[in-house]
Protein chains: 2
Amino acid sequence: MTTPPPGLRERKKQATREALREAALRLAVERGPDQVRVEDIAEAAGVSPRTYNNYFASREQAIVSAVTADREARIAAAVAARPAGVHLADAVTEAVVEQYTNTSEREREALLLITTRTALRDAFLDATAGIEPPLTAVIAERLGEAGAHTARVLAASVAAVVRIALEGWLRPAGNAGAAGSFGAGGLLVPSGSLPDQLRAALAPLAPAFDAAERRTRP
Amino acid sequence: MTTPPPGLRERKKQATREALREAALRLAVERGPDQVRVEDIAEAAGVSPRTYNNYFASREQAIVSAVTADREARIAAAVAARPAGVHLADAVTEAVVEQYTNTSEREREALLLITTRTALRDAFLDATAGIEPPLTAVIAERLGEAGAHTARVLAASVAAVVRIALEGWLRPAGNAGAAGSFGAGGLLVPSGSLPDQLRAALAPLAPAFDAAERRTRP
DNA sequence: CAGGGAAATTGCGTGCACGCAAGTTTGCGC
DNA sequence: GCGCAAACTTGCGTGCACGCAATTTCCCTG
C-alpha cells in the first residue's frame with residue numbers, strides 16, 4: 001500500500017541524500033563547523049557542489065538533518081502506535097517526548113556541536129517544523145474526516161510548542177533576546193530536563209485536544 | 001515608563017529602517033520584484049548596500065516588512081484594548097482578525113505583489129512569527145504571574161495557527177505541497193475570506209485559552 | 001532490447017549575506 | 001566646549017544559493 005518497489009532512481013536519491021548528511025556531520029565534527037565548505041561536503045559525498053544544493057538549501061540544513069532526519073516519521077509512527085483508547089493529548093505528548101529522548105550517542109555529540117553555533121541552532125529549531133505534516137496526518141486519522149481542519153491546527157501548535165521547548169532547553173545562559181516588555185519576574189523555569197520541558201510546554205494544549213476529541217466522538 | 005526621550009541616534013535608525021522599507025516596496029511595485037537589486041534599494045534610501053544588510057537579513061524581508069512592520073505592536077495593543085471581562089480566546093481572536101482585516105489600499109497592492117513570488121510569500125508567512133513576543137506579553141498580563149509560561153505557549157500556538165490561515169488564504173490553486181499521506185478527502189475549505197479563515201483556524205485553540213484562564217482565576 | 005521521454009546531475013554566471021577591520025558619528029561626563 | 005567610549009556605517013573579501021541550459025542517467029513501453 002505504501003511501497004510498491006522503490007526503483008533504482010529513488011534509492012539512489014536517498015543514498016545521495018544520506019551520504020551528504022553523513023559527510024556534512026562528520027566533517028563538521030572533525031574540523032569544527034566553520035571549517036567545512038559545501039565544496040568539501042559535496043566532494044566527500046561524491047557529487048558536484050551544485051547537486052548538493054539540489055538536496056539541501058543551506059549548509060546548516062545538511063548538518064542538522066543528520067540529526068533530525070527521520071524524527072518526523074518516527075513521531076507520527078509513535079503516535080499511531082498508541083492504543084486508540086488513550087487521550088489524544090497524552091498520546092501525542094508521550095510520542096513527542098519519546099522521540100526527543102531516545103538519543104543515540106552520535107546524536108548527542110552532534111547536538112553538542114549544534115549548540116555552539118547560532119546558525120546551526122536556528123536550523124535545528126527550524127527543522128522542528130517538519131513534524132507538522134506527519135502529525136497532521138495521524139491526528140486527522142484519529143479525529144476522522146470532520147476534524148481534518150482541526151488536526152492541521154493542532155499539529156501546527158504542537159510543532160510551535162516543541163520548538164519553544166527546545167529553544168528554552170538548549171539556551172545555556174546567553175540571552176538578551178527580544179523578550180522585552182516583561183514585568184520584573186524573570187524567575188521562570190530556567191532550564192529543566194528536556195522531557196520535563198516538553199511535557200510542561202505541551203500541557204496547556206491538552207484542553208484543545210480533549211475538546212477536539214470530544215467533538216468528533218460523541 | 002516606556003519612552004524617556006528617544007534620542008537622536010535611535011530616531012535616525014528608525015528613519016533609515018523606514019526609508020529602506022519604503023524604497024524596497026516602491027521599487028518592487030514599480031519594476032516588478034525581480035528587477036530590484038539590493039544595490040538599488042540601498043541607493044534609494046541613501047545608504048551603502050552593506051548597511052542595508054545591517055537592517056534586513058534578506059531582500060524579501062525588506063519588501064515584506066513594509067506591510068508587516070507594526071502589525072505586531074498593533075495586535076498586542078488590540079488585545080490589551082479589549083475589556084478584561086471577555087474571554088481571552090475571543091479577545092485574541094478578534095484582535096487578530098481586526099489587524100489582518102484593516103488593510104490600507106497600499107497594503108492590498110503590496111499583498112498582490114507578494115503573492116506573485118514564492119520567496120516573497122515565504123518571507124511574508126515567516127513574518128507572522130513576529131507577533132509572538134508581544135502576544136506573549138499581553139496574554140501573560142491577563143493570566144498573571146503564574147501563567148507566564150502558559151502565555152508563551154499560547155502565543156506561539158496562535159502565531160503558528162495564524163500562519164496556517166494565511167498560508168491557506170493566499171494559496172490560489174497551485175499546490176502539490178508536502179501534504180502527502182492523506183486519505184482521499186481533499187475537500188477541505190478551499191479558500192474562504194480571510195477573517196473566516198482566521199476565525200476557523202483559531203477556534204480549536206479556544207479550549208486551551210479557557211482552561212488557562214480558569215486556572216489562574218478561580 | 002531498443003528508443004524516447006522524464007528526471008537527475010552538472011557547470012556557469014549572478015546577486016546576495018555577512019565577518020572583519022577601518023572610518024565616522026553620537027552621547028555623555030567633566 | 002572637550003574629548004573619549006560606544007554605537008553605527010562602510011568597503012572589501014569570501015562562500016553561498018539558485019536560475020538556466022546542456023548533458024547524463026534511468027525507466028517504461030512497444
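Because only heavy atoms are used, hydrogens play no part in the values below, and waters and symmetry mates are left out as well, while side chains stay in. What you see is a predicted model, and the numbers here were worked out from it, not measured in a lab. Reminder, nothing fancy here: chain letters follow the sequence lines and each chain counts from 1.
Atom CG of B:Leu27 is separated from atom C1' of C:dG15 by 16 Å (rounded to the nearest Å). The nearest whole Å value for the distance from the CZ atom in A:Arg59 to the P atom in C:dA17 is 16 Å. Atoms CZ (B:Phe56) and P (D:dC8) sit 15 Å apart, rounded to a whole Å. For A:Asp122 and C:dC18, the CG to P distance is 11 Å, given to the nearest whole Å. Rounding to whole angstrom units, CZ of residue B:Arg11 and P of D:dC8 are separated by 15 Å. Atom CD1 of A:Ile41 is separated from atom C1' of D:dC16 by 11 Å (rounded to the nearest Å). Atom CD of B:Glu39 is separated from atom P of C:dG15 by 9 Å (rounded to the nearest Å).
Between A:Arg21 and A:Phe56, some side-chain heavy-atom pair lies under the 4.5 Å cut-off. For the pair B:Ile63/B:Val36, no side-chain contact is recorded, criterion being any heavy-atom separation below 4.5 Å from C-beta on.
There is no side-chain donor-acceptor pair under 3.5 Å between B:Arg152 and B:Thr136. Counting only N and O atoms by type, the side chains of A:Asp196 and A:Ser193 include a donor and acceptor under 3.5 Å apart.
Within the 4.0 Å cut-off from OP1 or OP2 of C:dT9, not a single side-chain nitrogen or oxygen of A:Thr51 is found. A sub-4.0 Å separation between OP1 or OP2 of D:dC8 and a side-chain N or O of B:Lys12 is absent. Within the structure, a side-chain polar atom (N or O) of A:Tyr55 is placed less than 4.0 Å from OP1 or OP2 of C:dT9. Contact annotation: A:Lys13 side-chain N/O to C:dA8 OP1/OP2 distance is under 4.0 Å.
Minimum atom distance to the side chain of A:Asn54 is reached by C:dT9, of the listed D:dT10, C:dT9, C:dA17. The side chain of A:Val38 lies closest to D:dC16, out of D:dC16, C:dC18, D:dC26.
Take the nearest nucleotide of DNA chain D for B:Val47 and for A:Tyr52: the residue whose nucleotide is more 5' is B:Val47.
We find that A:Glu167 and A:Arg163 are joined by a salt bridge, their nearest charged nitrogen and carboxylate oxygen being less than 4.0 Å apart.
Judged by distance alone with a 3.5 Å cut-off, a donor-acceptor contact links the side chain of B:Arg50 to the base of D:dG11.
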